[in-house]
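Naming: A, B, ... by sequence-line order, numbering from 1 per chain.
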Amino acid sequence: MCEIRDTTNKKDDIIRFRIQNLKGDYKMSESTNFIHAIIEKDLENKTYGDQVCTRFPPEPNGYLHIGHAKSICLNFGTAQKYHGKCNLRFDDTNPVKEDVEYVDSIKGDVEWLGFKWDNLFFASDYFQKMYECATELVKKGKAYVCDLTADEIKAYRGSLTQPGKHSPFRDRSIAENLELFEKMKNGEFNDGDKVLRAKIDMGSPNINMRDPVIYRISNADHHNTGDQWCIYPMYDYAHPIEDAIEGITHSICTLEFEDHRPLYDWVLAQLEWPQPPQQIEFARLNITNMLMSKRYLKALVDNGQVSGWDDPRMPTLVGLRRRGYTPGAIRDFCDRIGVSKSNSTVDIAMLEHCIREDLQTQVESKMVVLNPLKVTITNYPEGQVEEVEVENSKEDETKGNRMVKFSKHLFVEQEDFMLAPSKGYFRLFKGNEVRFKGAYFLTCQDFVLDDGGNVVELLCTYDPKTKSGSGFSERKVKGTIHWVDGSSAAKIKVRAYSYLMVENENGETIFNEDSVKEYQALGEESIKGASPEDRFQFFRHGYYIADAFETNASEKVFNQIVDLKSSWKK
RNA sequence: UGGGGUAUAGCCAAGCGGUAAGGCAACGGACUCUGACUCCGUUAUUCGAAGGUUCAAAUCCUUCUACCCUAGCCA
């Protein structure tokens with residue numbers, strides 16, 4: 001029988017990032033769906049006793065993306081909801097595509113999302129059992145060795161509208177099939193010479209039932225079993241057996257496998273498996289401005305259009321992680337989008353809402369000026385520096401306050417000044433008064449232009465009576481803006497992102513050639529203490545994370561996680 | 001042209017014969033030392049279409065339409 005190994009999460013699994021689960025322990029949502037309805041009926045009818053067992057079965061041939069997160073949340077979440085079990089199983093039946101690099105990253109991603117598997121299995125653990133089952137099928141006259149080439153099999157299969165034809169090898173004797181299959185296993189043939197096929201119905205309207213190939217020869221090195229095998233089971237044959245061995249009750253997969261379900265059921269029926277698991281299909285995740293195809297993502301990486309699988313713009317879990325998304329936000333997103341059988345495309349605004357909501361109460365805020373514009377306070381003493389008190393979080397008073405340096409020479413955002421203010425603009429313009437966050441009211445008295453007519457400096461006056469916290473209430477200003485002190489400011493690098501994929505005028509989703517904007521920004525002094533993966537709200541801008549790899553003691557690089565919403569339209 | 005699926009608001013999505021939940025987005029307004037947050041309000045006389053059954057239909061029946069999946073020795 002199969003050997004079962006490594007049944008617990010290992011502490012020393014490769015974890016490239018410090019795990020920061022801002023939302024704390026996972027709480028299963030109250031939400032329900034059609035799969036839960038099926039399970040509840042099964043529980044009621046005691047179809048599988050009172051057991052619920054699911055699994056997340058990725059093939060270790062690439063990095064996980066947010067579409068996989070939907071499946072992970074569904075499978076693990078469902079098991080939690082019904083006090084059942086959920087396995088992580090690597091569906092590694094095709095050695096030429098798979099690699100340990102991917103099994104390590106997948107384990108890391110599942111853990112990062114906050115789930116713990118009850119068992120960790122490999123489909124390859126069951127190769128011996130699968131071989132025995134195949135032999136049993138042969139003995140029952142339900143499988144045969146076929147010598148047709150791949151092209152011939154294709155031709156014999158018929159088409160969508162034409163039935164298939166019987167293979168000339170279909171009526172080989174059981175004894176001959178047994179002998180041939182064993183020779184296949186023993187490496188007596190070359191790749192492609194022979195296959196084992198299920199004997200079902202070449203006239204079936206369902207093409208999957210037209211004597212599907214269930215074993216092929218592949219003299220390839222397998223990441224788990226090495227050269228132990230040279231025949232490998234096909235998905236349609238292997239998957240039901242994997243599920244059945246593990247005692248899976250509900251085998252949840254995506255819609256494109258609906259047509260394979262009769263074959264899934266057929267395999268277990270021939271093997272007379274008691275209480276066979278049932279396959280249930282749901283619609284895979286699509287999100288606007290995101291492309292989840294593994295092939296396409298790989299092309300982006302290979303072409304150098306992104307920096308790697310963990311580029312902050314990528315929909316991969318490692319990418320989202322580097323971008324600053326929290327596991328809690330992703331889980332919340334998966335809960336909110338629901339589970340159904342209709343193909344749909346979720347608005348990316350939903351995802352953005354989830355990360356804003358998660359970060360809002362968790363993160364401290366800092367003042368950062370992306371495009372600095374010099375401000376001189378003409379009536380403030382040269383050389384004087386005072387410290388003003390600013391709250392770390394408007395949402396959470398327990399986060400306390402910090403002191404921020406204020407002096408005659410400051411910087412504000414270029415966007416916060418207009419030469420000719422448009423209607424409704426209430427930031428800086430000549431003659432207007434605004435509050436500098438945490439400090440004073442300042443009035444813009446004049447501005448300085450360079451030779452090109454660009455505004456290079458603002459000359460302002462401040463009103464000492466208006467200091468924050470003084471209780472001053474004689475007059476109000478509409479605008480409050482952020483600023484940094486000129487002499488103590490930290491030079492930091494900030495990257496803001498727009499969508500990697502955008503829709504063109506024909507409604508096609510295309511690669512956005514210009515999705516990164518880099519700023520040489522100025523941050524308040526305290527940001528010099530930021531560590532890799534620290535998240536902040538940049539006041540009036542959005543949420544940012546110190547890049548995991550590029551931030552160190554001397555250099556600070558921030559990635560924009562998501563901007564703040566704004567109802568200001570110029 | 002076979003077979004298998006799916007259609008409820010701009011986007012997700014409940015609903016399972018008793019008179020259209022919720023979220024996101026949008027739009028008003030209140031509040032605001034973040035044009036954020038929060039709060040309050042608005043947004044489907046109608047459920048892909050047309051018939052039928054019923055006192056009553058998004059839900060049942062019939063026909064039709066659109067879209068998705070499917071002819072790997074991939075998963």
Side-chain angles (χ1 to χ4, degrees), chain A residues 31-34 37 57-59 61 91-94 96-98 146 148-151 153-155 157-164 191-197 204-210 212-218 232 234-236 238-239 253-262 281 283 286-288 294 333 335-354 356-357 360-361 365 367 390-391 394-395 424-427 434-439 441 466 468-469 476-482 537-542 563-569:
Chain A
S31 68
T32 188
N33 56 53
F34 79 98
E59 182 185 21
N61 69 344
D91 207 356
D92 54 352
T93 57
N94 186 359
V96 304
K97 290 191 168 183
E98 298 149 8
C146 181
L148 256 25
T149 66
D151 285 343
I153 287 180
K154 184 181 164 79
R157 187 155 36 222
S159 71
L160 294 178
T161 50
Q162 301 289 124
D191 289 11
D193 282 355
K194 287 181 166 45
V195 292
L196 185 71
R197 292 229 252 167
S204 172
N206 181 346
I207 293 179
N208 293 301
M209 300 299 271
R210 320 238 263 232
V213 172
I214 59 176
Y215 263 93
R216 78 284 217 182
I217 299 169
S218 178
Y232 291 92
M234 299 285 291
Y235 169 88
D236 284 322
H239 208 85
C253 64
T254 44
L255 249 27
E256 66 270 28
F257 292 104
E258 257 172 332
D259 292 345
H260 298 237
R261 195 188 330 134
E281 310 85 10
N286 298 293
I287 303 178
T288 59
K294 202 172 274 178
F333 173 73
D335 279 346
R336 286 172 186 255
I337 57 175
V339 177
S340 76
K341 296 191 69 145
S342 69
N343 289 310
S344 59
T345 302
V346 178
D347 194 326
I348 197 167
M350 187 89 94
L351 217 210
E352 294 173 343
H353 172 264
C354 292
R356 284 193 193 100
E357 188 178 79
Q360 185 194 328
T361 54
S365 97
M367 291 197 285
V390 180
E391 69 275 4
K394 199 74 174 183
E395 305 295 326
Y425 187 80
F426 52 68
R427 282 114 93 157
V434 302
R435 169 166 304 278
F436 274 41
K437 173 68 183 175
F441 284 5
T466 60
S468 289
K476 296 199 164 183
V477 288
K478 190 91 173 88
T480 297
I481 67 171
H482 60 282
Q537 182 195 110
F538 287 177
F539 196 74
R540 297 209 303 137
H541 279 303
D563 59 357
L564 250 27
K565 293 216 302 182
S566 170
S567 60
W568 164 244
K569 307 136 199 129

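- B/rA13 and B/rG72: their C1' atoms are spaced 35 Å apart (whole Å).
- In this structure, A/Tyr425 reaches the bases: a heavy-atom distance under 4.0 Å links it to at least one base atom across the strands shown.
- Look at A/Ser342 and you'll find a side-chain N or O under 4.0 angstrom from OP1 or OP2 of B/rA13.
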Item to complete: Determine, for nucleotides 70-75 of chain B in 5'-to-3' order, which nucleotides have protein heavy atoms under 4.0 Å from the base (write B), from only the sugar-phosphate (write S), or from neither (write -).
Response: BBSBBB

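- Look at A/Ser340 and you won't find any side-chain N or O under 4.0 angstrom from OP1 or OP2 of B/rU6.
- When heavy atoms are screened at a 4.0 angstrom cut-off, A/Phe426 is found touching base atoms of the nucleic acid.
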Worksheet entry | Where protein sits on nucleotides 21-29 of chain B, one letter per nucleotide: B base, S sugar-phosphate only, - none, heavy atoms under 4.0 Å | --BSSSS--

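- As judged by a 4.0 angstrom heavy-atom cut-off over every strand, A/Gly542 is placed among residues making no nucleic acid contact.
- Salt bridge A/Arg356/A/Asp563: present, at least one basic N to carboxylate O contact under 4.0 Å.
- Residue A/Val339 is in sugar-phosphate contact alone, with no base atom involved, counting any heavy-atom pair closer than 4.0 Å across all strands shown.
- Residue A/Ser344 places at least one side-chain N or O under 4.0 Å from the OP1 or OP2 atom of B/rA13.
- Using a 4.0 Å heavy-atom distance criterion, A/Glu352 is classed as making no nucleic acid contact.
- If you check every strand for non-hydrogen atoms under 4.0 Å, A/Gly479 touches nothing.
- If you take NZ of A/Lys341 and C1' of B/rC12, they are 18 Å apart, rounded to a whole angstrom.
- Along RNA chain B, the nucleotide nearest to A/Gly338 and the one nearest to A/Lys437 differ in position, and the one closer to the 5' end is contacted by A/Gly338.
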Worksheet item: Between A/His541 and A/His482, is a ring-ring contact (aromatic ring centres under 6.0 Å, His included) present by the stated rule, with each step listed?
Response: CA-CA 10 Å; A/His541 279 303; A/His482 60 282; 4.9 Å; yes

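- The residue A/Ser218 sits apart from the nucleic acid: no heavy atom pair falls under 4.0 Å.
- A/Glu391 and A/Lys437 are joined by a salt bridge, as a carboxylate oxygen and a charged side-chain nitrogen come within less than 4.0 angstrom of each other.
- Between A/Lys341 and A/Glu258 there is a salt bridge, since at least one side-chain N of the basic residue sits less than 4.0 Å from a carboxylate O of the acidic one.
- Among the atoms of the strands shown, base atoms are found under 4.0 Å from some heavy atom of A/Arg427.
- The interatomic distance linking A/Asn343 (CG) with B/rG48 (P) rounds to 16 Å, in whole Å.
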Worksheet item: When you look at A/Glu59 and A/Asp92, which way does the side-chain contact (heavy atoms from CB on, under 4.5 Å) test go after all the steps?
Response: CA-CA 6 Å; A/Glu59 182 185 21; A/Asp92 54 352; 5.8 Å; no

Discussion item. Is there a side-chain contact (heavy atoms from CB on, under 4.5 Å) between A/Thr93 and A/Tyr232? Walk through the geometry before answering.
Written reply: CA-CA 6 Å; A/Thr93 57; A/Tyr232 291 92; 5.5 Å; no

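- Every stem involving RNA chain B, taken as at least 3 paired positions in a row under the Watson-Crick or G-U wobble test at 3.5 Å, is listed here: B:2-7 with B:65-70, B:10-12 with B:22-24, B:26-30 with B:38-42, B:48-52 with B:60-64.
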